[in-house]
Amino acid sequence: YPLHGAVRQDHSTMDLAQQYLEKYYNFRKNEKQFYKRKDSSSVVKKIQEMQKFLGLEITGELDSNTVELMHKPRCGVPDVGG
Amino acid sequence: FSTFPGSPKWRKNHISYRIVNYTLDLPKESVDSAIERALKVWEEVTPLTFSRISEGEADIMISFAVGEHGDFYPFDGVGQSLAHAYPPGPGFYGDAHFDDDEKWSLGPSGTNLFLVAAHELGHSLGLFHSNNKESLMYPVYRFSTSQANIRLSQDDIEGIQSLYGARPSSDATVVPVPSISPKPETPVKCDPALSFDAVTMLRGEFLFFKDRHFWRRTQWNPEPEFHLISAFWPSLPSGLDAAYEANNKDRVLIFKGSQFWAVRGNEVQAGYPKGIHTLGFPPTVKKIDAAVFEKEKKKTYFFVGDKYWRFDETRQLMDKGFPRLITDDFPGIEPQVDAVLHAFGFFYFFRGSSQFEFDPNARTVTHTLKSNSWLLC
């Protein structure tokens, strides 16, 4: 997964991002690990969707603001309608 | 704001709720109070009313659970997902579940139950998440004493009123809608024209209320702290009329209009607000200007216009022979006071930007000060 110059992400951050997007943004579960995906476009789109919804700068990257917000406690209701 | 797909809503205005079980983190009555206050947040801006039932199926079933708890959304231990709720409908719809692996609290530490409950009950009424960071329905938990994020924002109000409409304006008991926008001016402690809405003591500290804020002066720190009222008592209104501490009962009574609230520490007691007439005032009294408790005599003095009443805290009754004229018993004090404090054997009467120190033994004003002299100005 390309990081576009952002700080190198460790696996725990990637795991968190994958779980976060799956849980709250209907990200399609994939057998492959999030950080090993060859095609990153859907991941970037989902991150952008999350950043837009949460009022963050839309970078499509797991920048520090995005990761920080993902660590915060929140309501369990997904942010996208099922 | 947004609503759930299809905009589900309750097709009635009277909704029942039931607290199915409790967290061990808080006393049961504190949970009851937090839920009651959370529902009131929505009740105050809609035609909706809520009643609690103790058994059977309620529209909104409220429960605490850990991990997998019978729906498709298991909780996840400490942190992350705090709670979830379902949109209006039959069966589990409308229900609210709270993750009991969290440390539930009533203040800024741990996870504030009132704040989370108000958010979840917004879902129970049909509101989906908002992307407005100031709104109660924003999905990320924040409890900050420097922000008004625990009050309904205009976004929340518009959202819930898009489903149920506004509270009928003919309702005489309507409480002013707490809104964070537009933001009123922030008072400045050393403004020479500063006046106070209400002044009280709380567990040895002095509290000075002004609009949405209050200054808190402790004995240990002469520099007063400045806070939003909502940061300590989220369900209290702003622009208070009067406040006093009945410290023989460890509670502060807060007055606005024809209603009053009782708080103990930072917890608003269940069963409030109550009408001021339950204290024994005649119907002609519409609001209290100021109140003060004299602990030696266990009497509370209520000031209304040019008169005052005396309330016996032991008997919980108004003393006979009142009201009396303020000028008859407090010579030198002009009628219509903003606030009164009793400290160091003196009464301190606040009116506009002036303050009068009154010696009850000598029955005379001993000093005239600026109102904000307590704030090191």
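Naming: A, B, ... by sequence-line order, numbering from 1 per chain.
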Part of [X] lying under 4.5 Å from any heavy atom of chain A:
{"X": "B/Glu120", "result": "side chain"}
{"X": "B/Asp76", "result": "side chain"}
{"X": "B/Ser130", "result": "backbone"}
{"X": "B/Tyr138", "result": "side chain"}

Minimum-distance pair of heavy atoms, taken over all atoms of [X] and [Y]:
{"X": "B/Val140", "Y": "A/Arg74", "answer": "CA-CB, 3.9 Å"}
{"X": "A/Lys72", "Y": "B/Gln80", "answer": "O-NE2, 4.0 Å"}
{"X": "B/Ser81", "Y": "A/Gly76", "answer": "OG-CA, 3.2 Å"}
{"X": "B/His129", "Y": "A/Pro78", "answer": "ND1-O, 4.0 Å"}
{"X": "A/Phe53", "Y": "B/Pro139", "answer": "CE2-CG, 3.8 Å"}
{"X": "A/Val77", "Y": "B/Ala85", "answer": "CG2-O, 3.5 Å"}

Does [X] [atom1] have over 12 foreign heavy atoms under 6.0 Å away?
{"X": "B/Glu68", "atom1": "CD", "result": "yes"}
{"X": "A/Tyr25", "atom1": "OH", "result": "yes"}
{"X": "B/Tyr22", "atom1": "OH", "result": "yes"}
{"X": "B/Lys12", "atom1": "NZ", "result": "yes"}

Among B/Gly79, B/Ser2, B/Ala83, which has the most heavy-atom pairs under 4.5 Å with chain A?
-> B/Ala83

Report yes if the side chains of B/Phe128 and A/Asp79 come closer than 4.5 Å at any heavy-atom pair, otherwise no.
->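 No, every pair of side-chain atoms sits at 4.5 Å or beyond.
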
Rounded distance (nearest 0.5 Å) linking atom CG of B/Asp99 with atom SG of A/Cys75 =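 Answer rounded to 0.5 Å: 11.5 Å.
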
